[in-house]
Amino acid sequence: MLKEYKTIKEVAGPLMLVEQVEGVKFNELVEIELKGGEARRGRVLEVNGDKALLQLFEGSQGININESKVRFLGHSLELGVSIDMLGRVFDGLGNPKDGGPKIIPEKRLDINGDPINPAARDYPSEFIQTGISAIDGLNTLVRGQKLPVFSGSGLPHARLAAQIARQAKVLGTDSKFAVVFAAVGITFEEAEYFISDFKKTGAIDRTVLFVNLANDPAIERIATPRMALTAAEYLAYEKGMHVLVIITDLTNYCDALREISAARKEVPGRRGYPGYLYTDLATMYERAGRIRGKSGSITQIPILTMPEDDKTHPIPDLTGYITEGQIILSRELYRKGVMPPFDVLPSLSRLKDKGIGKNKTREDHADTMNQLFAAYARGKEAKELAVILGEGALSDADKLFAKFAAEFEQRYVSQGENEDRSIIDTLTLGWELLSILPKNELKRVKDEYIEKYMVKKGDA
């Protein structure tokens, strides 16, 4: 029998203080019963002696503290998981949102997950093909990696997320591939775009969607990414699936964390965010990976919008310390009509070398990647020089590199929203662009690869 308390002392915003409590644990789930029988849920945020501070999921509006009862449920927030979750849409707390039946759970899992023993982790080493050249060719995604996308307000990160969710696959394996998509604090229009896009393309059949809208309570926003990661852990480690987790937009999650921190009157850190923001983000990012002895894996692509396009803002800054690289979207390229507008030079996948090469992609992948980076960097320099000094000041070689940079942006980086390029298509296109340059300038590619793969002028 659950003990009931009528000792609510105070309610402030999403927080409630209950006194004279016994045996209450941090993170424990709570049910608040209002006078009319309406029930609301929350969780224990802090315990101090016989006082418990609660965080309400549905807000505190209409609560009369003298006539409401509090019940502590003895467990933390859980998600009922089942293979039937694939193809379904849920709200941020795991309730069905698509009009379909409730899930009959195979088991219930704590949304905070179980910590992974570092010694049990397996090294990420298998290539994931996203069908997008700028990722597959230059910033390769590897199974078990966490590779965030740093975007800006108004940039097409939502379209990019949908495209990756539709196209991603692990090559050369029979294992099933699933996508868990968490939309955090997005608008109704964005939510409709994701749901209709997945349904239209059939990607919904292998996808679990968790949707938290901008007008949903901030507390729900804290739970949404963890709900998604719990579903991913079940599919990966118990059903042996390769799971790609896409979370957008993590900036909304961090803002909700700041809102709750302010309500608790905590001492703020940088830009008002709580001092434990790094730790909090790490508890989510570190749920990606592979475990020895298990065939499944979790790969994460968190998407976050940088306020004022500032890479030094606490959210992208701390994320960069925890994750294995970053993909940066460029406003300048977006204005030029390059879609998706990948800023190639500052983007980086720290594990790219582990997922490419013979028997994974192709033997020439590493060389072509390095050569494309180097040629594009020199081409951008040449274009900037031409702006200052005029084209007449450029050498013949510089003019070719400037031409290469323009072609590279328009043909390699830019690709259709529905264009799914195989890694072979991407590598072939890379060689086609390198054929613009004289052979003596291709200093990062082995001669044997030039002979074998270079597109001859007459063939292009």
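- For residues 191-205, the pairs satisfying salt bridge (charged side-chain N to carboxylate O under 4.0 Å, His left out) are R166-D197, with sequence neighbours left out.
- D367 meets the salt bridge (charged side-chain N to carboxylate O under 4.0 Å, His left out) test with no other residue; sequence neighbours excluded.
- Take D84 and apply the side chain to side chain contact (heavy atoms under 4.5 Å, CB included) test, not counting sequence neighbours, and it matches S82, I103.
- Applying the side chain to side chain contact (heavy atoms under 4.5 Å, CB included) criterion to N117, with sequence neighbours excluded, gives A119, A120.
- Partners of R270 by side-chain hydrogen bond (donor to acceptor under 3.5 Å, both in side chains), not counting sequence neighbours, listed by chain and number: D317.
- Each ring-ring contact (aromatic ring centres under 6.0 Å, His included) pair with one or both residues in residues 308-344, not counting sequence neighbours, appears once here: Y273-H313.
- Test K169, R290, K354 against E126 for salt bridge (Lys or Arg N to Asp or Glu O under 4.0 Å) and you get one pass: R290.
- Annotation: side chain of W431 is in contact with side chain of V445 (closest heavy-atom distance under 4.5 Å).
- Here the closest heavy-atom approach between residue N252 and residue G185 is recorded as ND2-O, 3.0 Å.
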Taking only distance into account, with no hydrogens and no angle test, what donor-acceptor pairs under 3.5 Å do side-chain atoms of residues 72-80 form with protein atoms, sequence neighbours excluded?
from : atom 1 : to   : atom 2 : distance (Å)
S76  : OG     : D110 : OD1    : 3.3
S76  : OG     : D110 : OD2    : 2.7

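- In summary, R421 and D136 do not engage in a salt bridge, as defined by a charged side-chain N under 4.0 Å from a carboxylate O.
- Residues passing the side chain to side chain contact (heavy atoms under 4.5 Å, CB included) test with A161 are F181, F194, I246, I303, sequence neighbours excluded.
- Judged as a ring-ring contact (aromatic ring centres under 6.0 Å, His included), the pairs with a partner in residues 407-428 (not counting sequence neighbours) are, in order, Y376-F408, F404-F408, F408-Y412.
- Here ring-ring contact (aromatic ring centres under 6.0 Å, His included) pairs that include residues 90-136, with residues two or more places apart or in two chains, are F90-F210.
- Once rounded to the nearest 0.5 Å, the distance linking CG of D343 with CD1 of I327 reads 11.5 Å.
- Applying the salt bridge (charged side-chain N to carboxylate O under 4.0 Å, His left out) test to pairs two or more places apart or on separate chains, those with a residue in residues 219-229 are R226-D280.
- Within a 6.0 Å sphere centred on OH of Y276, heavy atoms belonging to other residues, nucleotides or ligands number more than 12.
- Judged as a salt bridge (charged side-chain N to carboxylate O under 4.0 Å, His left out), and not counting sequence neighbours, the contacts of K146 are E286, E324.
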